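See structure below.
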Number of protein chains: 2
Amino acid sequence: MSQKGAGIDLDKSLGYLLKEASSALRTAMEEVLRPLGMSVTHYSCLELLAQRPGLSNSELARGAFVTRQTMNTLLQTLEREGYVTRPAEAAVGKVLPARLTPSGRRSLEKATVAVRSVEVRMLAGMTEAEQAHAFRSLQSMISSLRERDEDAS
Amino acid sequence: MSQKGAGIDLDKSLGYLLKEASSALRTAMEEVLRPLGMSVTHYSCLELLAQRPGLSNSELARGAFVTRQTMNTLLQTLEREGYVTRPAEAAVGKVLPARLTPSGRRSLEKATVAVRSVEVRMLAGMTEAEQAHAFRSLQSMISSLRERDEDAS
DNA sequence: TGACTCATGTCAGTATTCTGACATACGCTT
DNA sequence: AAGCGTATGTCAGAATACTGACATGAGTCA
């Protein structure tokens with residue numbers, strides 16, 4: 001197990017563990033969403049729209065951590081299937097605010113319950129204080145990672 | 001940038017924050033690896049092999065959180081490019097233990113330095129104790145998420 | 001021994017996401 | 001008014017990862 005010299009010790013790397021946790025969460029979400037015929041990105045888009053009605057394609061993309069092209073493709077599908085509506089043309093600029101249809105809202109309800117159960121399971125065994133601590137740690141990591149990105153651009 | 005109206009769980013969801021952190025980490029890694037002509041999966045495979053020489057295709061896949069088919073394709077590329085070697089046939093069973101070539105080891109060195117700098121940046125602003133705490137929290141989440149998966153199978 | 005289960009390596013096809021490119025629209029500066 | 005930089009929506013093609021399927025080898029159990 002222990003290796004000669006250099007390298008990042010994966011067993012002790014917070015970065016690796018972060019990826020592992022994220023992967024486990026995604027897998028668990030996929031499992032509960034599959035019976036509902038919904039993918040994680042699919043769900044993310046709907047949940048975002050439920051909480052922030054009128055979000056544009058680009059804003060949804062940022063919220064779901066995909067490119068705006070990917071989100072656009074997804075939105076077109078969701079629109080065709082009747083879960084989401086967008087005005088035919090922009091009232092101002094090019095921005096097309098998207099909204100859930102009643103059908104979309106209904107479809108989301110079951111998914112939200114399923115996803116919430118996953119999150120509850122994930123946090124089982126952690127106290128409120130531990131959760132709060134983890135929350136702050138993750139926020140710290142995110143802002144530290146982003147600091148330099150913004151300089152670079 | 002902050003939300004305008006309706007009550008929002010996303011801003012308080014550890015699951016969402018986990019995804020956000022993981023996404024930020026991946027983006028940061030892609031940025032430093034791109035100049036080296038290396039993708040994150042690419043790097044993960046090499047780093048895994050450096051630390052655990054002789055890992056099989058399937059084991060590498062699990063360690064990099066991709067399917068074994070995906071890892072197989074990657075390994076074939078890395079083999080063709082001379083970074084990795086595998087025996088033509090298995091000594092026992094079907095398992096083909098993979099190893100880094102000197103060229104692969106050399107290529108990995110720069111990448112490791114780059115990735116380490118990202119991890120250091122990510123952890124800047126956190127004390128040792130906080131890092132240890134975060135480590136345990138992530139481990140807890142992972143094991144909680146996996147518990148049920150194993151039952152299901 | 002033979003049947004069964006499980007894990008592996010790999011080929012093929014599908015799906016998903018990304019990068020590149022373009023036209024447009026807004027805001028700011030000159 | 002005109003130019004410039006930035007952001008958006010969208011089309012098209014490329015890259016990447018996935019699911020399905022198959023043959024093979026090891027281990028288990030009767």
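Both backbone and side-chain heavy atoms feed into the values below; hydrogens, waters and symmetry mates do not. Naming: A, B, ... by sequence-line order, numbering from 1 per chain. These figures come from a predicted structure and were not determined experimentally.
Nucleic acid contact for Thr41(B): sugar-phosphate only, since backbone atoms but no base atoms lie under 4.0 Å from a heavy atom of the residue. Across all strands, Ser58(A) comes closer than 4.0 Å only to sugar-phosphate atoms, never to a base (heavy-atom distances). Residue Thr73(A) is out of contact with every strand shown, counting any heavy-atom pair closer than 4.0 Å. Using a 4.0 Å heavy-atom criterion, one finds that Gln69(A) contacts the bases of the nucleic acid, with or without backbone contacts as well.
If you measure from atom CZ of Phe65(B) to atom P of dC18(D), you get 12 Å, rounded to the nearest angstrom. As a whole-Å value, the separation of Glu31(B) CD from dT19(C) C1' is 15 Å. Atom-to-atom, CZ of Arg62(A) to C1' of dT8(D) comes out at 9 Å; the value is rounded to the nearest Å. Whole-Å rounding puts the Glu30(B) CD to dT17(C) C1' distance at 11 Å. For the pair Met71(B) CE and dA17(D) P, the interatomic distance rounds to 9 Å; values are reported in whole Å. Taking atom CE of Met38(B) as the reference point, atom P of dT16(D) lies 14 Å away to the nearest angstrom. The nearest whole Å value for the distance from the CG atom in Leu74(A) to the C1' atom in dA15(C) is 13 Å. The CG atom of Leu55(A) sits 11 Å away from the P atom of dT8(D) (whole-angstrom rounding).
The phosphate of dT10(D) (OP1 or OP2) has a side-chain N or O of Arg86(A) nearer than 4.0 angstrom. In this structure, Thr67(B) does not reach the dA17(D) phosphate: none of its side-chain N or O atoms is under 4.0 Å from OP1 or OP2. Taking side-chain N and O atoms only, Ser56(A) has no distance below 4.0 Å to OP1 or OP2 of dT8(D). The phosphate of dT10(C) has OP1 or OP2 within less than 4.0 Å of a side-chain N or O from Asn72(B). For dA21(D), neither phosphate oxygen OP1 nor OP2 lies less than 4.0 angstrom from any side-chain nitrogen or oxygen of Arg68(B).
With values rounded to the nearest 0.5 angstrom, Thr41(A) atom OG1 is found 7.0 Å from Met71(A) atom CE.
The aromatic rings of His42(A) and Tyr83(A) stand perpendicular to each other, their planes meeting at an angle above 60°, with 30° marking the opposite boundary.
Closest contact between the side chain of Gln76(A) and the listed nucleotides dT24(D), dC11(D), dA17(D) involves dC11(D). For Leu96(B), the side-chain atoms get nearest to dT10(C) when compared with the rest of dA17(D), dT8(C), dT10(C). The side chain of Thr70(A) sits closest to dT17(C) out of dT17(C), dA17(D), dG9(D).
Between Arg146(A) and Glu20(B), at least one side-chain N (NZ, or NE/NH1/NH2) sits under 4.0 Å from a carboxylate O, which counts as a salt bridge. The pair Arg26(B)-Glu30(B) meets the salt-bridge criterion, with a side-chain N (NZ, NE, NH1 or NH2) lying under 4.0 Å from an Asp/Glu carboxylate O.
Take the nearest nucleotide of DNA chain D for Lys94(A) and for Val92(B): the residue whose nucleotide is more 5' is Lys94(A). When each of Gly93(B) and Arg26(B) is assigned the nucleotide of DNA chain D with its nearest heavy atom, Arg26(B) is the one assigned upstream, toward the 5' end.
At distances below 3.5 Å, at least one donor-acceptor pair connects side-chain atoms of Gln131(A) with backbone N or O atoms of Met126(A).
Looking at Gln69(A), Arg68(A), Gln76(A) one by one, the single match for side-chain contact (heavy atoms from CB on, under 4.5 Å) with Asn72(A) turns out to be Gln76(A).
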